[in-house]
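What follows is a single structure, written as structure tokens, with notes after it.
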Amino acid sequence: MAQTTSSTSESRPDTPPFRYTAKLAEQIETTWQDRWEREGTFHTPNPVGDLSAGFDRVADRPKLYVLDMFPYPSGAGLHVGHPLGYIGTDVYARYKRMLGFNVLHTMGYDAFGLPAEQYAVQTGQHPRVTTEANIANMRRQLRRLGLGHDSRRSIATTDVDYYRWTQWIFLQIYNAWYDTDADRARPIDDLIAELDAGTREPAEGTNPFGRPWAELSPTERRVVVDNHRLAYLHEAPVNWCPGLGTVLANEEVTPEGRSERGNFPVFRRPLKQWMMRITAYADRLLRDLDLLDWPEAIKQQQRNWIGRSEGARITFPTVAPDGGEGPGIEIFTTRPDTLFGATYMVLAPEHPLVEELTVPEWPDDGIPASARDLWTGGHDRPADAVAAYRRRASSRSDVERQVETREKTGVFLGSFAVNPATGERIPVFIADYVLMGYGTGAIMAVPGEDERDWAFAEVFDLPIIRTVQPPEGWEGKAYTGDGPSINSANDEVDLNGLHIDEAKRRIIEWLEAKGIGKGTVTTKLRDWLFSRQRFWGEPFPIVYDPDDGLPRALPESMLPVELPDIEDYRPVTFADDDDTSEPVPPLARATDWVEVTLDLGEGPKRYRRETNTMPQWAGSCWYELRYLDPNNDKAFVDPENERYWMGPQHEGDCGGVDLYVGGAEHAVLHLLYARFWHKVLYDLGHVSSLEPFRRLFNQGMIQAAAYTDRRGMYVDAHEVVEREDGTFWYGDEQVNREFGKMGKSLKNTVTPDEMYESYGADTLRLYEMFTGPLDQSRPWDTKAVVGVFRLLQRIWRNVVDEDTGELVVSDGELDDDTRRKLHRTIADVRDGMENLRFNVSIAKITELNNHITQRWPDGGAPRAVIEPLVLMLAPLAPHIAEELWSRLGHERSVCAERFPEPDPAWLADETVEVAVQLNGKVRQRVVVPATDDPAELEAAVRADPKVAALLEGRTVRKAIAVPGRLVNFVVA
RNA sequence: GCCGGCGUAGCCCAACGGCAGAGGCGCGUCCCUUAGGAGGACGUCAGUGUGGGUUCGAAUCCCACCGCCGGCACCA
């Protein structure tokens with residue numbers, strides 16, 4: 001078949017030889033891409049180091065650091081949805097460069113992680129082989145788009161030179177602790193010195209030995225110090241995912257209790273794992289959101305995730321079975337003011353005090369006959385009831401908990417606590433509506449002021465005491481709003497009449513004075529589980545000493561710790577639902593690598609390497625810093641380079657990347673982790689910026705039509721045709737249209753390569769930028785692409801004769817009308833560029849070009865308008881702009897030229913048409929001389945006979961004149 | 001349920017509180033063309049989700065509701 005359908009804009013025999021066709025576009029584009037590469041057009045100089053050549057040329061210019069969320073190099077290649085953000089940043093960076101900024105813009109690859117490993121397993125190749133092939137393919141696809149990246153700065157997280165520094169940063173974190181007095185991280189050696197000097201006690205919960213520091217053995221001291229570190233080993237219930245063969249961070253588990261990647265079931269089970277003490281930074285991560293220019297939605301998600309709440313911890317005494325004193329139960333509440341209304345207590349089923357508080361026999365009194373079966377679970381002995389309930393709670397997956405109605409369940413432990421405010425004896429329950437992972441895992445239940453407690457109290461027939469006066473006519477159950485306290489006084493403290501805030505303050509004072517409670521802050525954020533049982537990740541720079549089993553950090557001089565070559569890098573995975581399985585890191589099989597003799601200061605000794613690897617997020621926690629100084633082998637980044645590109649720009653500025661563009665799906669994972677690392681590096685004096693990303697922008701998603709047949713199966717969207725009546729057909733079958741994310745599963749993928757083939761890269765770039773503001777999602781519509789393609793053809797025709805290839809521009813003077821149009825356009829195009837609303841810029845360029853076409857239909861438009869037009873096009877469609885610029889006789893790349901500036905003198909018209917309104921309704925339009933003076937304008941308008949006629953016989957009460965726009969007469 | 005975002009022609013989208021339309025798709029007519037065509041010219045379509053309020057004037061600001069999208073959710 002000689003005739004293919006791809007000949008959309010292909011030259012046909014009668015096509016003029018110099019028409020801008022896809023074929024010509026391709027020639028132009030590849031030529032300029034080669035030249036950019038050859039000349040290093042986008043090489044950006046640093047203040048110091050190996051990339052500093054030429055810095056003195058730009059030293060006095062403003063700087064701009066533009067960053068894209070770097071991609072994971074997938075084996076599937078790109079579709080047209082992927083580069084939306086990359087094109088946006090490229091246009092912005094090119095524009096700013098033409099304004100004289102020293103712009104840093106590059107692109108790297110986030111290449112470690114599960115998908116790379118899975119893809120490698122599928123294709124039977126080593127992950128490094130597939131990863132590198134995928135990166136090469138992606139580089140090729142992106143290069144063809146004409147992105148103006150400094151290719152010298154590109155990195156992949158899998159490069160040994162890169163992950164060496166990832167390991168180095170891990171060591172910084174490991175060798176640091178959080179000084180809560182100074183509210184910052186400090187080197188661990190400072191802590192040891194202070195402990196030795198006796199000027200500091202070990203922090204709460206870090207000394208399990210119960211003896212002072214001075215009396216501890218060296219090994220015990222090591223344990224205490226390790227308990228302070230920002231990276232620490234911890235045995236605790238973690239998210240174990242047998243289907244992936246690894247544990248996962250909380251952030252990687254969906255609310256349904258499944259893995260975000262792969263959607264496998266996740267089980268909680270206790271394991272010893274590396275953790276990062278991100279909770280130490282919770283307050284600062286929350287507070288500093290206010291310094292950031294980020295979308296409100298993302299800030300909100302981070303606030304939600306951190307979940308800070310202020311309240312109090314209160315210890316409730318308990319009554320032992322023999323009538324003596326039992327263990328105290330510590331609870332957390334955000335409503336200490338409601339203490340007088342606490343009529344029972346609830347522990348999480350997994351709470352460590354449950355066994356101790358479970359009495360041998362049901363008490364004789366205190367259980368209401370009406371709900372006895374519920375309280376006891378129908379069991380004769382409390383221990384049986386508790387065991388049965390616990391079994392049931394642990395077997396229920398989170399999914400089941402979601403599906404079930406929130407009918408409250410629980411059982412009585414048989415023991416009682418004492419409400420410290422009222423002295424009343426109150427029963428203690430376990431119930432699964434209290435979670436071990438939040439607060440202290442125990443609550444005081446105040447049914448009067450809490451809906452969940454109310455629901456439980458109703459079912460279990462427990463007393464309800466209101467402690468806040470509900471408003472007049474309140475018919476609801478629990479009242480959670482504000483109001484004066486009631487029923488809240490004892491001999492020592494009286495809250496009655498106080499509103500919530502004041503009541504909280506008063507009761508906390510009382511609790512603290514009595515030593516039974518104190519005001520505290522709790523966060524939902526947990527420490528970050530940092531180890532994975534996978535092969536394809538950064539090895540930890542950690543070994544274990546066989547003598548004490550404790551970890552030892554490797555010194556900096558032993559970095560990098562390279563991944564060993566092993567035969568079988570596949571993870572050990574299990575049946576999805578095999579919750580009895582144990583994680584087995586693949587690196588454990590590399591026995592030659594694991595067993596190692598090192599001299600860590602005690603002479604050569606056998607050690608065992610850590611066989612877990614770091615999570616995928618590690619590499620993306622700091623790549624923005626490495627772009628600044630990618631080849632530096634003395635430091636992860638030279639401080640001077642960091643200060644220049646990312647340092648605070650003025651008093652009160654947090655510093656960071658000037659524009660960071662990426663999808664909204666990383667709201668809490670990458671963005672939170674990267675902020676955390678950055679703050680640690682800041683505390684330790686390695687960076688000058690407080691935050692990594694000052695301005696964040698979420699690009700929209702490109703969606704595409706997908707079609708389903710009668711059976712609900714997706715059919716190839718390329719083959720579907722729309723009929724006149726608006727119905728869609730696949731062959732002779734009518735199909736149903738829906739919109740969704742582009743991808744294989746919906747069979748609606750459109751690739752950049754198809755677009756290059758039919759139109760060229762400039763058209764693709766222009767189309768993606770034209771369909772809407774960058775932050776908006778929009779549907780892909782292949783047949784609408786031709787609109788911007790025509791625009792490029794028309795611009796081309798205004799410069800180049802399609803038959804001869806000769807220039808058709810003249811050297812004539814501009815008429816005033818065109819000059820005004822030009823300057824108006826320049827102002828508007830700039831405005832669109834500044835605000836990342838490239839759609840507006842393109843529309844204004846189109847308008848100017850339409851004007852030129854109409855004014856000079858047979859060519860001959862003056863250079864004075866054509867050249868600025870080409871310059872304005874340059875950031876958007878750089879190849880055609882370069883080509884036209886060079887054909888116009890310029891030697892230099894258009895990238896080195898200055899963006900046109902609007903002349904204010906030509907922004908205003910000599911005469912303007914203003915609207916004349918009567919009471920806000922437009923009644924007349926008149927042309928009057930332009931003026932800035934409202935009084936002059938009003939006079940001019942009144943002088944118009946049509947207006948005079950309009951006002952005939954009416955009383956003008958007031959006239960509002962807005963220069964350049966309108967005059968509104970308010971008439972009786 | 002709570003939080004955030006968005007609703008303007010058939011579709012994608014513009015409009016410092018000031019004349020609702022910049023641009024494109026689609027559609028229609030005509031020109032070029034043996035023909036087809038994604039070449040050219042001209043034209044076509046909404047009163048801004050709904051209801052209130054502020055204002056001389058509201059797509060724009062405020063309130064309530066409706067719809068769509070996203071996030072969180074037994075978090076004490």
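We name chains A, B, ... by the order of the sequence lines, and we start the count at 1 in each one.
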With A:Tyr344 via ring-ring contact (aromatic ring centres under 6.0 Å, His included) - residues at least two apart: A:Phe429, A:Phe456

d(CZ, A:Phe838; P, B:A14) in whole Å: 13 Å

When rounded to the nearest Å, what value does the distance between C1' atoms of B:C30 and B:G49 take? 39 Å

Interatomic distance where CE belongs to A:Met769 and P belongs to B:A14 [whole Å]: 13 Å

Determine, for A:Tyr433 and A:Lys408, whether the Lys NZ or Arg CZ falls below 6.0 Å from the six-membered ring centre while staying within 45 degrees of the axis. yes

Whole-Å distance, A:Glu938 CD to B:C56 P, equals 16 Å

Within the structure shown, what part of the strands sits under 4.0 Å from A:Arg308 by heavy-atom distance: base, sugar-phosphate, or nothing? nothing

Can you check the distance between B:G40 and B:G23, where both ends of the measurement are the P atom (answer in whole Å)? 16 Å

Non-neighbouring partners of A:Arg526 that pass salt bridge (Lys or Arg N to Asp or Glu O under 4.0 Å), sequence neighbours left out: none

Can you measure A:Glu310 atom CD to B:A76 atom C1' for me and round it to whole angstrom units? 15 Å

Going by purine N1 to pyrimidine N3 plus the second Watson-Crick contact, or the G-U wobble pair, all under 3.5 Å, which nucleotide sits opposite B:U48? none

Under 3.5 Å, which protein N or O atoms sit close to an N or O of nucleotides 23-26 of chain B? Give each pair with its distance.
| unit_1 | atom_1 | unit_2 | atom_2 | d |
| --- | --- | --- | --- | --- |
| B:C25 | OP1 | A:Arg790 | NH1 | 2.2 |

With sequence neighbours left out, write down each residue that passes ring-ring contact (aromatic ring centres under 6.0 Å, His included) with A:Trp454, or none if nothing qualifies. none

Do the charged groups of A:Asp828 and A:Arg824 touch, with an N to O distance under 4.0 Å? yes

Would you say A:Phe340 and A:Ile465 make side-chain contact, with heavy atoms under 4.5 Å? no

Identify whether the distance between the nearest side-chain nitrogen and carboxylate oxygen of A:Glu847 and A:Lys821 falls below 4.0 Å. yes

Using atom C1' of each nucleotide, how far apart are B:G70 and B:C16 to the nearest Å? 30 Å

Nearest-Å distance once atom P is located in both B:G28 and B:G37: 12 Å

Grab the N/O contacts between the protein and nucleotides 3-6 of chain B below 3.5 Å, and write none if there aren't any.
| unit_1 | atom_1 | unit_2 | atom_2 | d |
| --- | --- | --- | --- | --- |
| B:C3 | O2' | A:Gln300 | NE2 | 3.4 |

With rounding to whole Å, what would you report as the distance between B:C66 and B:C27 at their C1' atoms? 32 Å

Have a look at A:Glu449 and say if it touches a base, only the backbone sugar-phosphate, or nothing, with a 4.0 Å heavy-atom cut-off. nothing

Mate of B:C68 where both pairing distances stay under 3.5 Å, Watson-Crick or G-U: B:G5

When the distance from CH2 of A:Trp454 to P of B:C74 is rounded to whole Å, what number comes out? 22 Å

Give none if B:C19 has no partner; otherwise give the nucleotide forming a Watson-Crick or G-U wobble pair with it, both distances under 3.5 Å. none

Please enumerate all residues that pass salt bridge (Lys or Arg N to Asp or Glu O under 4.0 Å) together with A:Glu330, with sequence neighbours excluded. A:Arg313

According to side chain to side chain donor-acceptor pair (under 3.5 Å), who are the partners of A:Glu938, at least two apart in sequence or on a separate chain? A:Arg942

Does A:Tyr759 make a side-chain donor-acceptor contact with the base of B:A38, cut-off 3.5 Å? yes

For the pair made of CD in A:Glu350 and C1' in B:C74, what is the distance, rounded to whole Å? 14 Å

Classify every nucleotide of nucleotides 15-20 of chain B by which part a protein heavy atom approaches to under 4.0 Å, writing B for the base, S for the sugar-phosphate alone and - for neither, in 5'-to-3' order. SB-BB-

Select base, sugar-phosphate, or nothing to describe what A:Pro295 touches, counting heavy atoms under 4.0 Å on all strands. nothing

Measuring only the C1' atom in each nucleotide, how far is B:C19 from B:G26? A whole number of Å is fine. 28 Å

Which whole number of Å gives the distance between the C1' atom of B:C25 and that of B:C61? 34 Å

Gap in Å between the two P atoms, one belonging to B:G4 and one to B:C62, rounded: 13 Å

Less than 3.5 Å apart, any donor N or O on the side chain of A:Arg308 or A:Thr523 sitting next to an acceptor on the other? no

Return the nucleotide paired to B:U55: Watson-Crick means purine N1 to pyrimidine N3 with N6-O4 or O6-N4, wobble means G-U with N1-O2 and O6-N3, both under 3.5 Å. none

Based on the glycosidic angle (syn within 90° of 0, else anti), state the conformation of B:G47. syn

Pairing partner of B:U60 (Watson-Crick or G-U wobble, both distances under 3.5 Å): none

As its Watson-Crick or G-U partner within any shown strand, both distances under 3.5 Å, B:U34 has none

From CD1 (A:Ile329) to CE (A:Met444), nearest 0.5 Å: 13.0 Å

Could you list the residues that satisfy ring-ring contact (aromatic ring centres under 6.0 Å, His included) with A:Trp780, not counting sequence neighbours? A:Tyr767

Report yes if a side-chain nitrogen or oxygen of A:Arg313 is closer than 4.0 Å to either non-bridging phosphate oxygen (OP1 or OP2) of B:A76; otherwise report no. no

Touch check for A:Ser777, heavy atoms < 4.0 angstrom, all strands: base, sugar-phosphate only, or nothing? sugar-phosphate

Just checking A:Gln703: does its CD atom have more than 12 heavy atoms from other residues, nucleotides or ligands closer to it than 6.0 angstrom? yes

For A:Ala249, which residues count as a side-chain contact (heavy atoms from CB on, under 4.5 Å) partner, sequence neighbours excluded? A:Glu251, A:Glu252, A:Trp528, A:Arg532, A:Tyr673

Both A:Gly439 and A:Thr853 contact RNA chain B. Taking the nearest nucleotide for each, which residue is further toward the 5' end? A:Thr853

In Watson-Crick or G-U wobble terms, with both distances under 3.5 Å, the base opposite B:A41 is B:U29

Does A:Glu802 come within less than 4.0 Å of A:Arg797, counting only side-chain N to carboxylate O? yes

Quick one: is B:A76 close enough that its OP1 or OP2 comes under 4.0 Å of any side-chain N or O from A:Lys524? no

Nucleotides 60-64 of chain B: which of its N/O atoms have a protein N/O under 3.5 Å away?
none

Excluding sequence neighbours, so at least two apart, what forms ring-ring contact (aromatic ring centres under 6.0 Å, His included) with A:Tyr479? A:Trp474

Taking everything shown except A:Arg303 itself, do over 12 heavy atoms lie less than 6.0 Å from its CZ? yes

Separation of atom NE2 in A:His666 from atom P in B:G71, rounded to whole Å: 13 Å

